[in-house]
Visitor: 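This structure is in structure tokens; I'll ask about it shortly.
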Amino acid sequence: MYGNDFNVPDEVAGAGLGAGAPGGPSHLLDEVAAAERALREAGAARVADPGVAADGDELLRYFDAVIEADQKIEPRDWMPDAYRQGLIRQIAQHAHSEIIGMQPEGNWISRAPSLKRKAILLAKVQDEAGHGLYLYAAAETLGVSRDALVELLLAGRQKYSSIFNYPTLTWADVGAIGWLVDGAAIVNQVPLCRCSYGPYARAMIRICKEESFHQRQGYEILHTLAHGTPGQKAMAQDAVNRWWYPSLAMFGPPDADSTHSQQSMTWKIKRFSNDELRQRFVDMCVQQASVLGLDIPDPDLRWNEQRQAHDYTQPDYTELMRVIKGDGPCNRQRAAHRHAAHADGAWVREAAAAYAAKRNAPTTKAAA
Ligand SMILES: [Fe+2]
Ligand SMILES: [Fe+2]
């Protein structure tokens, strides 16, 4: 699964990034594969439909029964308005994150240190555009248009992940983003492959498979730097120091302060709490960091025998809230860039619309 470009060093394989290692992406990929099988099985065994004449109570009972049976709600199904609106909010925020998330690494495409690195990074950033498109398409099945969601992003009325408001200062940041940011994304998103809304679950399966490649490319960049000159190793450590806590914050506020969690759990949109996922991520990273030979910048990080998990320092949630509210190091820059890119793309949208109108226009037969 490492791709054809380079071999997996033995020690990397042992760090959870090799086939089937616990906690590593291959292990997570096994979970994605299991979710994909479950999705197919659920499609084959549907709870009996209440029929078109069903009233509100019957529809709600049917909805609850589908969720209870771990089957999928599909666009044609009735769903409570709060379920629909909550999903639109979540999927849109996720789609916007993929699109804005292209910017921090896009900065480095022209400065990647070799042709191979450039090609890999280009493919990775392009994947993120694809993720945005799958997700906008999934949101559209809930009755909202992609244009409307893009307008909400541009107007600052819908959010994207606050992690993308941090700058990428050196090439090592591209490695740290792949390892930590895409790594946190995978841990967050693998459970979404079992989300109760079919189109979102299907999009997540495809996305998680690609995110696994992203994490490996970042890890491999850091591994190369950490085993290079002392200057390269210091650059890798500096990047990890800056990205560690913002990555922990990607799991959202602590459970006690998380506003949408309980209802999302009941509806099987969310399967684990923010704190559970954050813990899983920390445990996964510790072993991988030791193989890299890099330190996780947390003097209080240690194994807790009783909990069978690592104790660690929480990220600064005040900073998280400040960045979410628009006052991070790059919020304005990211928004300005997206506005400019949207304006620059106007002619493409106009040309596509004109072409579609031409194709759909009734053909006039030439006079005989
Ligand atoms: Fe992505
Ligand atoms: Fe990614």
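For ligands, and for the atoms within them, numbers begin at 1 and follow the listed sequence.
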Visitor: Determine whether the side chains of His310 and Asn304 contain a donor N or O and an acceptor N or O closer than 3.5 Å.
Guide: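 No donor-acceptor contact under 3.5 Å links the two side chains.
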Visitor: Out of the N/O/S atoms in Glu128, what is the name of the one closest to the Fe ion (ligand 1)?
Guide: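 Answer by atom name: OE1.
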Visitor: Under 2.8 Å from the Fe ion (ligand 2), is there any N, O or S atom belonging to Asp127?
Guide: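 Checking Asp127: none of its N, O or S atoms is under 2.8 Å.
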Visitor: For Arg307, I'd like to know if atom CZ has over 12 heavy atoms of other residues, nucleotides or ligands within 6.0 Å.
Guide: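 It does: Arg307 CZ has more than 12 such atoms within range.
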Visitor: Do you see an N/O/S atom of Asp182, backbone or side chain, under 2.8 Å from the Fe ion (ligand 1)?
Guide: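 Coordinating: no.
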Visitor: Do you know which two heavy atoms are closest between Asp275 and Pro254, and how far apart they sit?
Guide: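 Here Asp275 and Pro254 meet closest at OD1-CA, 3.6 Å.
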Visitor: Please find the pair of heavy atoms, one from Ile91 and one from Leu135, that lie closest to each other, and give the distance.
Guide: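 Smallest interatomic distance, heavy atoms only, reads CG2-O, 3.2 Å.
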Visitor: So which of the N, O or S atoms of Glu211 lies nearest the Fe ion (ligand 1)?
Guide: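 For Glu211, the N, O or S atom at the smallest distance from the Fe ion (ligand 1) is OE2.
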Visitor: Side-chain donor-acceptor pair under 3.5 Å between Gln279 and Asp283, yes or no?
Guide: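 Result is yes, a qualifying pair exists.
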Visitor: Could you tell me whether any N, O or S atom belonging to Glu98 is less than 2.8 Å from the Fe ion (ligand 2)?
Guide: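 Here the distance criterion (N, O or S atom, under 2.8 Å) is not met by Glu98, so no.
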Visitor: State the atom name: nearest N, O or S atom of His214 to the Fe ion (ligand 2).
Guide: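 Nearest N/O/S atom: ND1.
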Visitor: Measure the spacing between CG of Leu292 and OG1 of Thr224 and express it to the nearest 0.5 Å.
Guide: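 If I round to the nearest 0.5 Å, the distance is 10.0 Å.
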Visitor: Under 2.8 Å from the Fe ion (ligand 1), is there any N, O or S atom belonging to His131?
Guide: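 For His131, the answer is yes, given that an N, O or S atom comes within less than 2.8 Å of the Fe ion (ligand 1).
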Visitor: Flag Glu210 as yes if one of its N/O/S atoms falls below 2.8 Å of the Fe ion (ligand 2), otherwise no.
Guide: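 Short answer: no, not a single N, O or S atom is under the cut-off.
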